[in-house]
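Okay, structure first, notes after.
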Amino acid sequence: MDFGNLFAAIGRALPGFVEGERMAVQDNWNDLNEYNKVQAGQLENAFTEQTFNPRMQIVYDAARNSGLGVLNNRMTTAQNWMLHPALMARNYYASLYAPQNAQLEQQMLAGMYRQMPGMLASAGASGGGLNPMDIALYRALLGGGLGGGLGGAAPLQTNPSSM
């Protein structure tokens, strides 16, 4: 006679036994889940304890860095406060003499570009090359170009492919 089947048949006949077995399995799973939660909390506490000092140092460093930023902003403000009259005067005179400065700058550029034929020749002889924009400026300033030479009102435009 097979006693396993006999007990199973009796167990199926008694609903309380089946319900008790289900409750026992459920209790075991609940116990396991609670154990895992406690274990995770313990590991988190251990990690926090091990990393507390470095994390506090990061906070202290951020506070020091913020203080240095505030100090730097104060020094920049003080410097701007002291330089403001000089900057205002410089900008006033730069604006006042802008037309004369533009003429002087054009004369300076013209002198530079008048020397370019020798530079072009030496660049070609040495195998090097000049920036195409320099060549275009040279042609426009001294050759008349679209800008009408030095002092022309039209913008300087050249076709780089024609060089």
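Here the structure is a predicted model, which means the values were calculated and not measured.
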Minimum side-chain heavy-atom gap D31-E34 below 4.5 Å:
no
Would you check if E49 and N45 make a side-chain contact, meaning some heavy-atom pair closer than 4.5 Å?
no
Going by side chain to side chain donor-acceptor pair (under 3.5 Å), name the residues that satisfy it together with [X], two or more places apart in sequence or in a different chain.
X	value
N73	none
Q42	none
R74	none

Under 3.5 Å, side-chain donor or acceptor atoms of residues 89-96 against the rest of the protein: list the pairs with distances, not counting sequence neighbours.
from : atom 1 : to  : atom 2 : distance (Å)
N91  : ND2    : L87 : O      : 3.3

Looking only at the side chains, is there a donor atom on one of D61 and Q57 sitting less than 3.5 Å from an acceptor on the other?
yes
Quick one: pull up CE in M108 and CG in N101 and give me the separation to the nearest 0.5 Å.
11.0 Å
Quick check for you: to the nearest 0.5 Å, what is the distance between Q79 atom CD and M82 atom CE?
10.0 Å
By the rule that ILVMFWY residues connect when side-chain heavy atoms come within less than 4.5 angstrom, directly or transitively, which residues belong alongside M56?
F52, Y60
Can you name the side chain to side chain contact (heavy atoms under 4.5 Å, CB included) partners of M75, sequence neighbours left out?
L71, N72
Heavy-atom count check: over 12 atoms from other residues, nucleotides or ligands less than 6.0 Å from Q50 CD?
no
Check for a donor-acceptor pair, side chain of T48 on one end and backbone N or O of E44 on the other, with a separation under 3.5 Å.
yes
